[in-house]
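Just so it is clear: chains get the letters A, B, ... in the order the sequence lines come, proteins before strands, and each one is counted from 1.
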Amino acid sequence: MENSYQFNLIEKKWQKIWEEQHAFQIGEDSNLPKYYALEMFPYPSGNLHMGHVRNYAIGDVIARFKKMNGYNVLHPMGWDSFGLPAENAAIKHGAHPAKWTAANIENMREQLKTLGLSYDWDRELTTSQPDYYKFTQWMFLKLYENGLAYKKNAAVNWCPSCQTVLANEQVVDGACERCEATVEKKKLSQWFFKITDYAQRLLDDLEMLPGWPEKVKTMQRNWIGRSEGCQFDLTIEGHDETMTVFTTRPDTIYGVTFMVLSPEHPLVEQLAAGTEQEAAVKEFVHRMQFVSDVTRTSAETEKEGVFTGAYAINPMNDEKIPVWIANYVLMDYGTGAIMAVPAHDQRDFEFARKYDIPIRVVIQGEDTPADADQLTQASTGPGIMVNSGNYNGLSNEEGHRQIVSYLTSQGIGEATINYRLRDWLISRQRYWGAPIPVIYCDDCGTVPIPEKDLPVLLPEDIAFRPSGESPLTYVKSFYETTCPVCGKKAQRETDTMDTFVCSSWYFTRYLDPHNTELPFEKKPADYWMSVDQYIGGVEHAILHLMYARFFTKFLYDIKMLSVQEPFMNLLTQGMVLKDGSKMSKSKGNIVSPEEIIKTYGADTARLFILFASPPERDLEWSDQGVEGCYRFLNRVWRIVTEYGDLIREVNIPPSFAELEPAARKLHYKTHATIKKVSEDIEERFNFNTAISAVMELCNALYAYRDQEEKDLGVLKEAVDTLLLLLCPFTPHIAEELWQRCGHQESVYSQAWPRFDPEALVQDEIEIAVQILGKVRERIKVPSSCTKEDLEKAALSNPKIQELTKDKQIVKVIVVPGKLVNIVVK
RNA sequence: GCCCGGGUGGCGGAAUAGGCAGACGCACGGGACUUAAAAUCCCGCGAGGCUCAAACCUCGUGCCGGUUCGACCCCGGCCUCGGGCACCA
């Protein structure tokens, strides 16, 4: 067994073998427990980056580990291939999105294959292909059928650069999350999915997910933003209409000194009509139309508003309350109208101070000054009710309950719950997406495409000119059609769906990827779902993960799935950094995976990225660290090939009694390593420490070289174990050396090694002896040593005797197997 | 402002139930091999003190305080970095 570690040859060799043997192809095998390992599928930008490598390396370790542990492992891969970059490339370079995308996928698939990942490529899916988006459209139809897809006219987020609308979730700090252009407000008729119907379940079922990071669940809870309160009506002086407000603090109702409507509130115009405020109100409303929601709701924006000229009546005491409009009240939350209590709400407080509106304290907290003039900020804490009529003296919590029941008994109010979560806007004025399967007929109105007519194909011959309308608007052969109900001429919807729709159900398509009738059959879905381990970037904590949960619940409701949550366990990996910041073109700090693989091989690339940091934390790229991992694999190569001839024909004996000390030590190390690596992978995903343990085993093999008389059984066991443990991390070198050591079957097909508790029993152990918590001596004792003997051994130790001779021993604490602590005076 | 994470050698990081701080790797230093260098193999490597050397001693996990026989770990307060949310009534 000569020659050096030629990673390029062996990696190619094994990738070819895996491909030819369909080594990772998998079916439903009911005899084995199933395991569904999934990494977030990539957008095919054309090139793999280090973030991908990290994501897929982590997934591959888990998938291979589970396979070797006897699970039937599903580990698929696909392409989230609809989306703007393809269309932008078309506009810029004239390449058709379909061709551009296909070429990128080709390229990235090859790059992925050079990493040696254990994917079942027979299940590969591509969301931009008709065989997939047919069922994205199917999902739309089902949602429509169940009243969960609807069209409405709404002021929506408009990205002037992408020339399309965006979901609320896609607006970050007032800018488009993709291109960072400032988002504008635009009134359009758009399709929405009624995710708000699922708000409570999306919130409650987070409890079913102990395997998710608390951070992600918190982010989702905040996003759903449930708040409990009550809603009630107020009459308006001189008007027949009433106004309805939502408040979480009905206990402060006696402190109301003004009301606020959102500028878009439908009552605004008639309330102001004929008053001397009319002109000012019109001017303000007009001005607010041009301010985006995002700017308006930013905390930095100063509160401003105008009086409408109208007065509402406080139902508790018939007090006349001026009605204002203000920028800080939003039409699409609650009722678009609030009761303002400046003493107990910071926003109302600021507004009242600015416009000299009276402030009245009604909840007396510990530090609340009774005189409102002394307030420097709103007092929002609990307290005793004052200035509140019959309710004086109650705790505010009790007052809350009583006032809600009073309003309810009067028939003007009720306890309600509000969510910040809004419905999901899915229309996009773009070409490269799944067409919304709907037809508009003059007679029949909005008509969903019959299921049998799916897919609605994207036309290929198309012109790209950024216009703010879908390019499909200009394709007559596309939009001109006939009504499926009455047969008359009709028009197709020309908008396409948000790409998040495609990625909200892809994990179910892998289960039955070639089905032409349905997105998937229930049987394979019942076998495989849910995903046991999902892995991806934390940037999807809200958007993708919330939408996928919504779809799963919907599919459960229509009896397509038997589970309510898609991903039982979630691992959010950290970013890959270089020189302390995220790799990016503009910073010029990109390390290309292709280059690294070319220079060091895929095994080294995988090993480094797994070794440098635990998966959830950010990872600092280090060329020297990569070098170190490469050096380690060479070290493995040399020691295994050196021992190879010696052990090839050896059988591992069934028991290891009576070993020489050095052999005993190696045997111990082998089993200690099995234990450590298994636990690190299984329980904590601490691949970095798992790898360091494997490195220690390798070092132990080097140390054993000094032995003239080698125990070949022990040696063989150690070498085999080393390769088995390496297999999930660095599969190519593990396979190659496994074969070179004389094994016929692939290392991947082997059972994961089990540690033998016998081997971990030690005759003698070292115990630390402390005096007052400081280690003063280490003693060797038999591992069977009792507590009493341990104490005796510690106290009789000469050094300890010397150190304690002038002192009085107060107490001795004995921790068996660890230490003895002597407390002296 | 609020909510989550972090802060440990020159660096990436270990310490898994409150029990020997610094595993493993990198960098660095020394030795062996070599005509030489690289590669490789072996040894050392928190700071300070004492010492020819070893032994040994002191200090040390962002800062201050607490609980405990014993604290990187628990509690209180603060500093700092990163992330998320932020007029949602």
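Comparing A:Gln770 and A:Thr247 against RNA chain B, the residue whose closest nucleotide sits nearer the 5' end is A:Gln770.
Expressed to the nearest 0.5 Å, how far CE of A:Met583 lies from CG of A:Asn589 amounts to 6.5 Å.
If you check B:rC74 for Watson-Crick or wobble pairing at under 3.5 angstrom, you find it paired to B:rG66.
A salt bridge is defined here as a Lys NZ or Arg NE, NH1 or NH2 lying under 4.0 Å from an Asp or Glu carboxylate O, and A:Arg353 with A:Glu350 fails to meet this definition.
A:Thr248 comes within contact range of the sugar-phosphate backbone alone, with a heavy-atom separation under 4.0 Å but no base atom that close. Using a 4.0 Å heavy-atom distance criterion, A:Ser227 is classed as a sugar-phosphate-only contact. In this structure, A:Gly628 reaches the sugar-phosphate backbone alone: every heavy-atom distance under 4.0 Å involves primed, P, OP1 or OP2 atoms, never a base.
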List the protein contact pattern of nucleotides 56-61 of chain B with one symbol per nucleotide (5' to 3'): B for base contact, S for sugar-phosphate-only contact, - for none; contact means a heavy-atom distance under 4.0 Å.
SSSS--
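In this structure, of B:rG19, B:rU40, B:rC24, it is B:rC24 that holds the atom nearest to the side chain of A:Met695. Distance from the side chain of A:Tyr702 is smallest to B:rC42 among B:rA27, B:rC87, B:rC42. Of the candidate nucleotides B:rG19, B:rC41, B:rC3, B:rC3 has the atom nearest to the side chain of A:Thr218. Here B:rG19 is the nucleotide among B:rA86, B:rA23, B:rG19 with the atom lying nearest to any side-chain atom of A:Ile813. The side chain of A:Phe246 lies closest to B:rA89, out of B:rA89, B:rC41, B:rC26. Distance from the side chain of A:Gln624 is smallest to B:rC26 among B:rA86, B:rG19, B:rC26.
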Every protein N/O within reach of nucleotides 5-15 of chain B N/O, cut-off under 3.5 Å:
from, atom 1, to, atom 2, distance (Å)
B:rG12, O2', A:Ala612, O, 2.7
B:rG13, O3', A:Asn688, ND2, 3.3
B:rA14, OP1, A:Asn688, ND2, 3.1
B:rA14, OP2, A:Arg617, NH2, 3.1

Heteroatom pairs (N/O) under 3.5 angstrom, protein to nucleotides 44-46 of chain B:
none

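Rounded to a whole Å, the NZ atom of A:Lys217 is 15 Å from the C1' atom of B:rC3.
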